[in-house]
Amino acid sequence: MVDLTTKLVNVLGDKTATPLAKAFDMHVVGDLLRHYPRRYVELGKPTNMSDLRVGQHATVLARVVEAKNYSFGPGGKRTRTEVIVTDDSGARLSLTFFQQRWLQDRMKPGKMCLFSGEVGQFNGRLQLTHPDYDLFDEDGDTAASRLSRGVLPIYRATAKIPTWKLESFIALCLDSLDEVDDPLPEQVRTAHGFAGTRAALESIHRPHTMGEAVTARARFRFEEAFIVQTVFAQRRHALEDDRAAARPAVDGGLRTRFEQQLPFTLTAGQRAVVEEVGADLARTHPMHRLLQGEVGSGKTVVALMAMLQVVDAGGQAALLAPTEVLASQHFRGITALLGDLAKGGMLGGADGATRVRLLTGSMGAKARNEALLDAASGEAGIVIGTHALIQDHVQFAELGLLVVDEQHRFGVEQRAALVDRSDVTPHVLVMTATPIPRTIAMSVFGDLEVSTLRELPAGRQPIQTNVVPYAERPGWLARAWERVREEVGKGRQAYVVVSRIGDEPSESDTSSLVELHEELVHGPLHGLRVGTLHGRMSADDKDAAMNAFAAGTIDVLVATTVVEVGVDVPNATVMVVMDADRFGVSQLHQLRGRVGRGSEAGLCLLVTGAEIDSPARERLDAVASTTDGFELSKLDVELRREGDVLGARQSGVRSSLRLLSVVKDEAVIEQARAAADEIVLADPTLSHHPTLAAAVHELEHSEQADYLERT
Ligand code: ADP
Ligand code: MG
């Protein structure tokens, strides 16, 4: 017998298991059985061939009307078989096959077949060229039993492994599958009327009615939410007994003096969050708060005031930034904003002033040691750094607050690493510029309270975003470079952003950036001062480039996404994003937040070769059509989860949230959260729920955890 951990090769043999591993990263029976149908076809119901759109990858169940062979080519030696099919909607579709003369006999009029392929158009008629097909006659019995069930599953498939092959592999596994251990505790199953895993797997893959499939999907959807919520319930539970030092605001302290000397007044939203965070810090229970706010909403000032409150109360604060560029920029910005208040122990320092230190991986030994020393002695009230802060076992005299900027770049584990190191748990404030709808915040950041900055400081300029499709409109790209020249002519500056190819900065990214730079300085941007900034430059060079851009001695900065987060040069008014379709929605939204930060309106040009009507273009159009980050992040999450269904066809990519939509399934997530809380409260270590414990462990160590952190 077989269970979910049995290797696929043992059930299906090498010839099947190897392609499955390659195409879908499936290795054990569980991987295959968790590949749920993406939809179902009800036999006898119209498949709605009339809804087909050109360019779509479609699977249709259709009846053959006629099949005819035609000869063509030199000497008439080649054969084209044209098959006309129809469904109950009455629409007709023509299928074209080459060199398969025998098909004419097999595709008998009236025969039902499944066809799958790319929808094209020929002489005004929709057609599938060279589709995959399933004639239901591979084996009389199976075909009959599949047809008699009346509901056919349609799987996300590849050209080599079409949906019906997956169906047959899954059938083989299901036929020999033992009873399966269930991650859902019995009491939860009973309360919700859910079937066990084994039965539900049967129902989701081989349903007899749509109702049966829907019920099974609801169960697995709940299961996904439940496992995620169990992780968060455990985290919340673990934190309950944690004690932090209370850091109440001190009258006339640095925080107050800082606010008095600010060159602007706080927005009402900033005020409210400063109060909210201030109250949290005054408690002996550690704060775990997510501060979300649009790009440019002024999160840094809020965080700085929280840090100062902690310093006033005798503690230290650490600010963790995702990149060196951002860490140095925070260091410069915060030191400047603090002015004399940051000159503790220095000439010209204000009374009671503190010290701000920067700590990054590539700093010189001397500067590093100074920073380390000041952190350990407590001289530095504020330490700003990158991952180096975590990795280098930095000692703090008394770490009271950890601020994590741009959370989506950090994992919970890294956050935990710093928190665990201190004797007393520090308070934690996490900031993100990717606004997160409430449901997502709940499912993703289930262990955090959430504050939101909704308004931008007054006087912010709108950002106009245009898509530049160079394939259809070659002239527009030239126009884009002209716009850059015009802005520079007005004394403004521009970014040109080049996409990264993989997750890590690579040689080829650098070379494509360098190439583009060459092209621009010898072509459309001739005569302008054009600099470069990319991940492979040394920290000093990066700093120099950023500083030159900030100082205005460079007109145009050609950069990789190191400029994505937080970079603040108010004089920059245009951004050209090359191959914008390679970026995610939220990433583009963040990127364009780099322009229009000053008194002038911003312009963002999304250059793309993606075809009109393609999902990539739809994404870009969405970004161009709204500046509402909340709308976009919803869309982003939806697209990422459903990207495969929508035609991205990244068959190798697997997300563990297969059925759950963190946008649509708010009610499910809430129920799952309540159920998880109850289980964890009664059994915090899940000792009575070994299967659940294993699922939780797997989730925490999987790529999904990564996915969850990055949303
Ligand atoms: P983000 O939320 O994207 O991190 P920042 O904190 O970098 O935004 O703030 C963007 C810019 O707005 C900074 O230059 C900051 O000094 C400025 N700023 C912050 N708060 C205000 C305010 N209330 N009025 C005017 N400018 C502000
Ligand atoms: Mg920021």
Side-chain angles (χ1 to χ4, degrees), residues 295 461-501 509 511-534 545 549 552 554-564 567 569-598 600-614 616-627 632:
V295 176
Q461 296 299 313
I463 301 167
Q464 159 93 27
T465 305
N466 292 333
V467 179
V468 180
Y470 57 74
E472 296 139 48
R473 310 260 180 191
W476 288 15
L477 185 57
R479 179 76 192 112
W481 299 125
E482 258 171 58
R483 288 289 290 126
V484 170
R485 296 193 75 98
E486 284 167 24
E487 289 297 312
V488 172
K490 286 191 266 174
R492 303 290 164 195
Q493 289 165 282
Y495 294 101
V496 177
V497 181
V498 181
S499 73
R500 247 178 6 205
I501 291 157
D509 300 333
S511 64
S512 73
L513 185 147
V514 170
E515 257 168 47
L516 178 69
H517 175 258
E518 286 295 294
E519 244 179 85
L520 290 176
V521 294
H522 293 112
L525 301 186
H526 181 74
L528 305 190
R529 297 168 300 173
V530 185
T532 54
L533 177 65
H534 57 81
F549 192 62
I554 290 178
D555 301 315
V556 180
L557 188 63
V558 181
T560 51
T561 47
V562 288
V563 300
E564 178 192 342
V567 172
V569 178
N571 194 43
T573 49
V574 200
M575 172 176 285
V576 180
V577 184
M578 306 303 292
D579 295 313
D581 45 283
R582 293 205 196 144
F583 297 92
V585 169
S586 295
Q587 211 181 4
L588 288 171
H589 183 59
Q590 292 237 10
L591 275 170
R592 70 175 162 185
R594 304 301 115 219
V595 292
R597 293 172 81 84
E600 296 294 309
L603 175 66
C604 176
L605 300 171
L606 306 176
V607 177
T608 178
E611 279 166 33
I612 200 158
D613 278 348
S614 64
R617 266 295 277 289
E618 280 170 25
R619 247 174 30 222
L620 297 182
D621 289 339
V623 174
S625 70
T626 178
T627 48
L632 289 173

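This is a predicted model, so every value here is computed, not measured.
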One should read off an interatomic distance between D579 CG and T608 OG1, to the nearest 0.5 angstrom, of 7.0 Å

Could you tell me which non-hydrogen atom of A610 sits nearest to which non-hydrogen atom of S614, and how far apart they are?
CB-OG, 3.8 Å

Nearest 0.5 Å, please: how far is OG in S625 from CD in E618?
11.5 Å

Closest non-hydrogen atom pair between L620 and V467, with its separation
O-CG2, 3.9 Å

How close do G609 and D581 get, counting heavy atoms only, and between which atoms?
N-OD1, 3.8 Å

Assess whether side-chain contact (heavy atoms from CB on, under 4.5 Å) is satisfied between L528 and R485, documenting all intermediate values.
CA-CA 8 Å; L528 305 190; R485 296 193 75 98; 4.2 Å; yes

Heavy-atom nearest pair, G593 first then I463, reads CA-CD1, 4.2 Å

Who are the side-chain hydrogen bond (donor to acceptor under 3.5 Å, both in side chains) partners of E482, not counting sequence neighbours?
R479

Please give me the minimum heavy-atom distance between L588 and A580, naming the atom from each residue.
CD1-O, 3.9 Å

Which residues share a side chain to side chain contact (heavy atoms under 4.5 Å, CB included) with I554, sequence neighbours left out
A548, F549

Salt bridge check, R483 against E487: does any charged N sit closer than 4.0 Å to a carboxylate O?
yes

Who passes side-chain hydrogen bond (donor to acceptor under 3.5 Å, both in side chains) against R617, sequence neighbours left out?
E472

Test side-chain contact (heavy atoms from CB on, under 4.5 Å), reference L605, set L477, V484, V468, output is V468

Residues pairing under side chain to side chain donor-acceptor pair (under 3.5 Å) where one sits in residues 516-531, two or more places apart or in two chains, turn out to be R529-D555

As a test of understanding, state which of V577, V607, V556 forms a side-chain contact (heavy atoms from CB on, under 4.5 Å) with V496.
V556

Restricting to side chain to side chain contact (heavy atoms under 4.5 Å, CB included), what partner residues turn up for P524, sequence neighbours left out?
W481, L520

Just to verify, which of L603, V595, V574 counts as forming a side-chain contact (heavy atoms from CB on, under 4.5 Å) with Q464?
L603

Who pairs with E600 by side chain to side chain contact (heavy atoms under 4.5 Å, CB included), at least two apart in sequence or on another chain?
R492, T573

Can you name the residues that form a side-chain hydrogen bond (donor to acceptor under 3.5 Å, both in side chains) with D621, not counting sequence neighbours?
none

If you look at every heavy atom in N571 and G491, which pair is closest and at what distance?
ND2-O, 3.0 Å

Counting C-beta onward and ignoring hydrogens, is there a side-chain heavy-atom pair between N466 and W476 closer than 4.5 Å?
no

Determine yes or no for a side-chain-to-main-chain donor-acceptor pair under 3.5 angstrom, with R592 supplying the side chain and M575 the backbone.
no

Ignoring hydrogens and geometry, is there a side-chain-to-backbone donor-acceptor pair from R619 to F583 under 3.5 Å?
yes

